[in-house]
Amino acid sequence: LGNAVVVGDRVRLEPGTEPPVIAEVAPRRNAFARRAAGEQVVEQVVAANLDQVVLVSALDRPAFSPGLADRVLAQAEHAGIPARLVLNKTDLGAPERAAGLLAEYERAGVPCHAVCAVSGDGVEPLRHALLGRRSLLVGHSGVGKSTLLNRLVPGLEHLVGDVNEKTGKGRHTTTAAVLVRPAPDLELIDTPGVRSFGLWGVGALELEQAYVEFRRFLGECRFTDCRHGAEPGCALRAAVERGDVSRLRYESFLRLRAELVDEERSGAARPRRGRP
Ligand code: GDP
Ligand code: ZN
């Protein structure tokens, strides 16, 4: 079915068909997409009609990746979907390290949760943030997303694990998302752990707008086409130097934009709509 029908879509079924046949897909209020893994430049709509995107990361093993975090946050912003950041495995480092990292994202306006899926620390406040909303969970393989899900919803492992198994976790296969509703007020859409996450619909030029906390500085640079690198009179860099914008976010922005520029130059990123 590809992008024509994705997890979270509302559909009308053709009456009296077995197996069921989808007659109609309701218009989406939003959709979270990515560039599909692999050589081809195609869109992969991961899920639709979401209330929030929850990025699950780890303090260590694997090390926290601002690259992935900022891509997912940018993609959510592009789609107009609120996002939050979960930092798992907080038992693997000093509390100050976790707090320092999350402070960077709190300053960027991203609600954050420090958790330990093994001990259960911090899981209750996270559960509250999930209640009454449809949440898409995204994370690198190995960050402990399955362990965390099982903490949140004991027994969920079986539901989600089976699907991950079939899609070949971590391999270059189609990433399937699966929606579970373990309680009436809890809707989680889990995705297999990713190795990399390619942006879709956000190019080098649009990227700065997807870093929400940058926006108020963007019009203030001396040059209207400022790239916020070494240009004199760059208001964004000045904000970083004053401590008004996180250096971690700024540096990941520069790296990510450089990558997008390279891709666009090589022609690799000429967008083609995913096959319907
Ligand atoms: P997933 O690939 O994101 O689903 O990760 P898993 O849930 O399979 O966890 C990967 C590894 O990390 C497993 O060995 C878990 O036991 C371990 N793990 C998960 N959460 C934590 C945590 O909070 N602290 C520590 N130390 N290890 C964890
Ligand atoms: Zn600038």
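Numbering of ligands and ligand atoms starts at 1, following listing order. Bear in mind the structure is a predicted one, so any value in this text is a computation, not a measurement.
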Non-neighbouring partners of Tyr105 that pass ring-ring contact (aromatic ring centres under 6.0 Å, His included), sequence neighbours left out: Phe64
Option passing side chain to side chain donor-acceptor pair (under 3.5 Å) with His228 (candidates Arg257, Glu208, Arg237): Glu208
Shortest heavy-atom approach to atom 12 (O) of ligand 1 - which of Arg61, Lys89, Lys145: Lys89
Over 12 foreign heavy atoms within 6.0 Å of CZ, Arg215: yes
Derivation of the side chain to side chain contact (heavy atoms under 4.5 Å, CB included) call for Arg249 and Asp70: CA-CA 7 Å; Arg249 288 271 287 170; Asp70 293 343; 2.9 Å; yes
All ring-ring contact (aromatic ring centres under 6.0 Å, His included) counterparts of Tyr211, not counting sequence neighbours: Phe214, Phe253
Residue portion contacting ligand 1 (non-hydrogen atoms closer than 4.0 Å) for Asn88: side chain
Glu206 versus His78, side-chain donor and acceptor atoms under 3.5 Å: no
Steps toward side chain to side chain contact (heavy atoms under 4.5 Å, CB included) verdict (Arg35, Gln44): CA-CA 6 Å; Arg35 177 178 161 178; Gln44 179 193 359; over 6 Å; no
N or O pair under 3.5 Å between Val115 and ligand 1: no
Residues Glu259, Glu264; criterion side chain to side chain contact (heavy atoms under 4.5 Å, CB included); working and verdict: CA-CA 9 Å; Glu259 276 178 41; Glu264 285 166 23; over 6 Å; no
For the Zn ion (ligand 2): protein N/O/S atoms at distances below 2.8 Å: 4
Test side-chain hydrogen bond (donor to acceptor under 3.5 Å, both in side chains) applied to Arg151 - qualifying residues, sequence neighbours left out: none
4.5 Å side-chain heavy-atom contact, Leu137 and Lys145: yes
Leu92, any N or O under 3.5 Å of ligand 1 N or O: no
Any donor-acceptor N or O pair under 3.5 Å, side chains His140, Arg195: no
Min N/O separation Cys116 to ligand 1 under 3.5 Å: no
Structural part of Val143 in contact with ligand 1, heavy atom criterion under 4.0 angstrom: both
Ser141 near ligand 1 by a heavy-atom separation under 4.0 Å: yes
N or O contact, Thr90 vs ligand 1, cut-off under 3.5 Å: no
Nearest option to atom 4 (O) of ligand 1, as decided by whichever heavy atom of Gly120, Gly193, Ser146 sits closest: Ser146
contact_flag Gly139 ligand 1 heavy-atom lt 4.0 Å: no
